[in-house]
Amino acid sequence: MRFSFFHLMPWTDLKEAPAQWPVSNSGFDPERGKQLYDGYIDTMVFAEQCGFDWVGCNEHHFSPYGLMANCNLIGAVLAQRTRTIRLAMLGNLIPLLNPIRVAEEYAMLDVMSGGRLIAGMIRGVPHEYIAYNVAPDESRERLREAAALIVKAWTEPEPFGWEGEFYQYPSVSIWPKPLQRPHPPILMSASNEESAEFAGRHRAMMGMTLIADLDAARRCIEVYRETARGHGLEPTPAHILLSYNTCIADSDEEAREYLSEGLRYFHRVLMHSIRDAQRLVIQRSRFFEKEHGERFVNRLVTLKERSIEEMIEAGSVLCGSPQSVVKQMRRIRDTLGNGHFNLNLKIGNIPDAVVRRGMELFRDRVLPEAREL
Amino acid sequence: MTEISFKEQTVDLETGRVTYLNGGSGRPLLHLHSAGGPRVSPAIEQLGKRHSIYMPTAPGYNGTPGHARIASMVDLADLMAKFARGVIGSACDVIGESFGGWVALWLAVRHPDLVEQLVLEAPAGLRTEGTGGLPADPAERLRKLYAAPERAPKETRSAAVLAENQRMRERYTGGITLDPALQEALPRVKARTLIVFGTADEVVPVETTRRLTAGIAQSHLSYIYGAAHAPEFDQPRRVARLVGAFLERGEGFLVRRSEAG
């Protein structure tokens with residue numbers, strides 16, 4: 001089993017839920033922002049010493065939900081401060097971005113890190129399309145075309161032009177090119193059956209988040225496996241990455257208490273106005289096929305309303321003492337056949353000291369048992 | 001897209017009669033057809049808004065008479081030079097589609113004074129034997145030619161005509177896929193050249209693009225996203241936009257124009 005340490009870099013100091021999205025930045029204190037970046041980056045660097053295989057980050061806009069408008073900047077810092085851990089950008093929201101810029105920045109990260117990049121090519125969550133003023137209806141086709149263009153920019157040995165639907169570049173020749181050959185591993189989201197098929201078609205690794213129940217997750221994984229096989233990739237467990245809100249503490253009780261507090265801030269404060277913006281996009285666009293849009297909203301509501309015990313039972317979180325967490329991982333692995341867990345320990349405003357303690361427990365008591373899962 | 005009327009005409013040249021289609025208005029543009037024979041694609045219709053387009057039929061194709069003295073790709077290129085001089089009357093821009101790209105390359109090598117700007121759409125003739133190519137099965141063939149088979153032109157020609165087209169292709173190409181003399185001659189192409197390939201083209205392998213860009217001094221390679229071996233039919237709008245800009249602006253097509261005008 002492989003493990004990633006994932007960070008959202010949340011803003012932790014809000015006293016109440018923002019009224020609307022985008023969230024007013026009048027309360028943003030740059031000095032406090034500097035402290036948070038420093039602390040979060042130290043934590044991510046520490047992940048290498050704790051035996052994690054990847055350290056992951058992602059992109060969000062216009063919200064205290066996450067302070068990484070461009071996760072590649074954090075990746076560049078990590079490239080310098082770590083030596084062996086893989087840098088997982090999970091990822092750039094490529095339908096919103098200039099794909100050539102993504103190809104260049106990812107190539108820079110791959111070269112600077114000595115070939116440690118995992119290249120996430122992600123469609124993103126609905127409201128990000130308001131932030132960058134891109135039509136959500138175009139998100140899938142933009143993702144498809146941008147992914148093809150990025151791979152071409154990485155692999156084409158001579159200058160070339162690109163005449164596409166959304167992107168036209170008369171002459172492309174990126175410097176640097178990636179170190180990994182033919183190109184860095186690509187990871188795509190597969191959190192519903194539609195995106196699972198998309199990831200399979202692209203022969204990418206799949207990542208799944210917001211797991212509300214194991215049966216639905218299993219169906220997505222099956223769709224991914226079948227599609228990937230049909231396109232020439234025989235997926236191994238290592239191709240299947242499952243993301244989990246995770247709290248590891250010295251006892252089950254402590255872990256549940258911390259997670260409960262962190263999730264309260266996460267759902268009631270950080271997610272509060274985002275949910276409204278997501279609903280707006282889902283209702284007013286074809287970002288999701290109808291049934292997937294309803295499922296997406298329902299899944300968020302379900303995850304918000306469940307107790308910690310219910311979430312553990314449903315396979316939606318990892319929470320407890322090291323022994324309990326290993327047991328939960330084993331059950332999920334047995335059910336879903338994944339070879340990779342992506343752990344987010346900084347949920348909402350869980351104190352950094354608790355996160356650190358969880359990482360130490362992971363290193364000392366989870367990993368020795370869970371590595372062989 | 002505006003419908004442009006293409007009229008079929010003939011011209012008697014030294015070696016025999018050549019049939020051609022002509023339509024559109026503007027700067028003359030010579031279009032050399034693929035092994036499938038001459039067909040007016042939606043991309044050509046679009047280009048016809050700014051170009052007077054000439055589409056000669058290789059002798060023997062589509063039921064036209066063959067010319068006894070035209071038996072190779074080089075002969076065909078020389079014949080097209082005579083056509084350009086006799087019918088168009090001046091140097092012109094040239095588009096060659098697959099098989100026609102092979103002819104267009106020889107035309108640019110042997111008659112550089114006649115070719116102003118050259119567009120090569122997945123040109124044949126520079127493909128190592130055993131790579132790419134078309135399967136015999138018609139359904140599979142269609143899938144290889146078109147990323148969107150529903151956009152393929154309707155086939156109205158008889159089986160006998162299609163068989164004769166195939167025979168003529170063999171006659172002109174000599175059954176080879178890699179023309180070593182042409183490869184050696186590529187540096188003699190002086191025209192600024194746009195090389196167009198579909199991102200889903202499995203018929204002409206990517207090595208052809210390497211040979212072309214290495215051999216032709218002023219060449220630009222562009223991929224048409226979502227097209228296979230027949231980009232004019234698969235993605236006519238993208239092809240017309242790219243080729244139109246290249247033909248109109250030459251090297252300047254690299255510089256984006258303001259949409260505000």
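Chain identifiers are assigned alphabetically (A, B, ...) following the order of the sequence lines, protein sequences preceding nucleic acid strands; residue numbering begins at 1 within each chain. Predicted model, so just to flag it, every value in this text is computed and none were measured.
- Taking a 6.0 Å sphere around CE of A:Met108, one finds it holds 12 or fewer heavy atoms contributed by other residues, nucleotides or ligands.
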Tabulate, with distances rounded to 0.1 Å, every donor-acceptor pair spanning chain B and chain A at under 3.5 Å.
from     : atom 1 : to       : atom 2 : distance (Å)
A:Glu145 : N      : B:Tyr225 : OH     : 3.4
A:Glu156 : OE1    : B:Tyr223 : OH     : 3.0
A:Glu156 : OE2    : B:Arg210 : NH1    : 2.9
A:Glu156 : OE2    : B:Tyr223 : OH     : 2.8
A:Gly161 : N      : B:Leu221 : O      : 2.5
A:Gly161 : O      : B:Tyr223 : N      : 2.7
A:Glu163 : N      : B:Tyr223 : O      : 2.8
A:Glu163 : O      : B:Tyr225 : N      : 3.0
A:Glu163 : OE2    : B:Arg241 : NE     : 2.5
A:Glu163 : OE2    : B:Arg241 : NH2    : 3.3
A:Gly164 : O      : B:Arg241 : NH2    : 2.7
A:Glu165 : OE1    : B:Arg237 : NH2    : 2.7
A:Glu165 : OE1    : B:Arg238 : NH2    : 2.7
A:Glu165 : OE2    : B:Arg237 : NH2    : 3.0

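- For A:Phe166, there are no ring-ring contact (aromatic ring centres under 6.0 Å, His included) partners, not counting sequence neighbours.
- Annotation: A:Arg229, atom CZ; neighbour count of heavy atoms from other residues, nucleotides and ligands within 6.0 Å is above 12.
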